[in-house]
Amino acid sequence: MTLSIRLDPELEAELARAAAQTGRSKSELVKAGLREYLARVVPRKTPYELGKDLFDGPAEDAVDLAAQRKEYLAGSADLSSKEAIRRTIVERLRAENDR
């Protein structure tokens with residue numbers, strides 16, 4: 001696709017200078033800049049969206065976190081499944097941010 005844009009003289013000179021210094025075309029630099037900008041502003045998935053499939057609903061063996069809050073706060077309750085979910089979401093967030 002061809003796209004025409006208007007640049008003020010100062011920006012055009014900066015672009016020409018950057019192209020000459022890097023050995024890349026002005027088009028390449030503009031495309032790279034646009035990709036970088038879009039990667040920052042396009043909404044990314046939230047941690048919930050990334051782990052939504054892990055939150056189907058209460059499992060049959062689910063514990064009531066409110067009822068066992070003291071054990072969880074003391075660290076004596078079993079968090080292995082919660083920790084596995086947390087790790088999965090962290091991995092997905094990292095993958096999402098690397099795109």
Side-chain angles (χ1 to χ4, degrees):
M1 172 186 147
T2 300
L3 174 69
S4 297
I5 59 171
R6 286 181 177 40
L7 302 176
D8 58 64
E10 294 83 18
L11 187 55
E12 183 180 8
E14 283 184 57
L15 179 60
R17 233 182 342 270
Q21 288 175 350
T22 62
R24 297 172 70 188
S25 72
K26 291 187 268 187
S27 290
E28 286 179 276
L29 293 177
V30 170
K31 285 189 276 187
L34 184 57
R35 277 190 199 100
E36 189 176 310
Y37 173 79
L38 291 174
R40 282 183 296 163
V41 299
V42 172
R44 305 238 178 200
K45 291 182 179 178
T46 65
Y48 175 78
E49 290 169 328
L50 291 170
K52 192 174 181 178
D53 61 311
L54 303 172
F55 311 130
D56 291 338
E60 291 178 20
D61 61 346
V63 294
D64 182 355
L65 296 178
Q68 293 191 357
R69 67 190 180 285
K70 290 180 182 176
E71 290 86 356
Y72 279 99
L73 291 173
S76 60
D78 178 26
L79 289 174
S80 59
S81 63
K82 300 292 181 195
E83 182 62 18
I85 291 171
R86 188 194 69 76
R87 284 189 189 130
T88 301
I89 293 171
V90 167
E91 289 172 11
R92 291 177 183 180
L93 276 169
R94 287 184 179 140
E96 179 76 8
N97 288 332
D98 289 342
R99 68 170 179 100

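Numbering starts at 1 and runs along the sequence shown. Values in this document were obtained by computation on a predicted structure and should not be read as measured data.
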Under 3.5 Å, which donor-acceptor pairs link side chains of residues 16-25 to any protein atom two or more places apart or in another chain?
residue: T22; atom: OG1; partner: A18; partner atom: O; Å: 2.8
residue: T22; atom: OG1; partner: R24; partner atom: N; Å: 3.3
residue: S25; atom: OG; partner: E28; partner atom: N; Å: 3.0
residue: S25; atom: OG; partner: E28; partner atom: OE1; Å: 3.3

Across all chains, not counting sequence neighbours, the side chain to side chain contact (heavy atoms under 4.5 Å, CB included) partners of V90 are R86, R94

**Prompt:** Got a second to check how far E91's CD is from R87's CZ, nearest 0.5 Å?
**Reply:**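 Between E91 CD and R87 CZ, I get 9.0 Å after rounding to 0.5 Å.
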
Original post:
Out of curiosity, T88 OG1 to L93 CG, how far, rounded to the nearest 0.5 Å?
Top reply: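 If I round to the nearest 0.5 Å, the distance is 11.0 Å.
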
Contacts satisfying ring-ring contact (aromatic ring centres under 6.0 Å, His included) that involve residues 7-32 (not counting sequence neighbours) are none

Practice problem: Would you list the pairs meeting ring-ring contact (aromatic ring centres under 6.0 Å, His included) in which at least one residue belongs to residues 8-34, sequence neighbours left out? | Solution: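 Of all non-adjacent pairs touching residues 8-34, none passes ring-ring contact (aromatic ring centres under 6.0 Å, His included).
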
M1 with L34, same ILVMFWY side-chain cluster at under 4.5 Å: no

Using atom types as modelled, flag every donor-acceptor pair under 3.5 Å from a side chain in residues 2-13 to any protein atom, sequence neighbours excluded.
residue: D8; atom: OD1; partner: E10; partner atom: N; Å: 3.2
residue: D8; atom: OD1; partner: L11; partner atom: N; Å: 2.8

ring-ring contact (aromatic ring centres under 6.0 Å, His included) against Y37, all qualifying residues, sequence neighbours excluded
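Checked Y37 against ring-ring contact (aromatic ring centres under 6.0 Å, His included); zero matches.
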
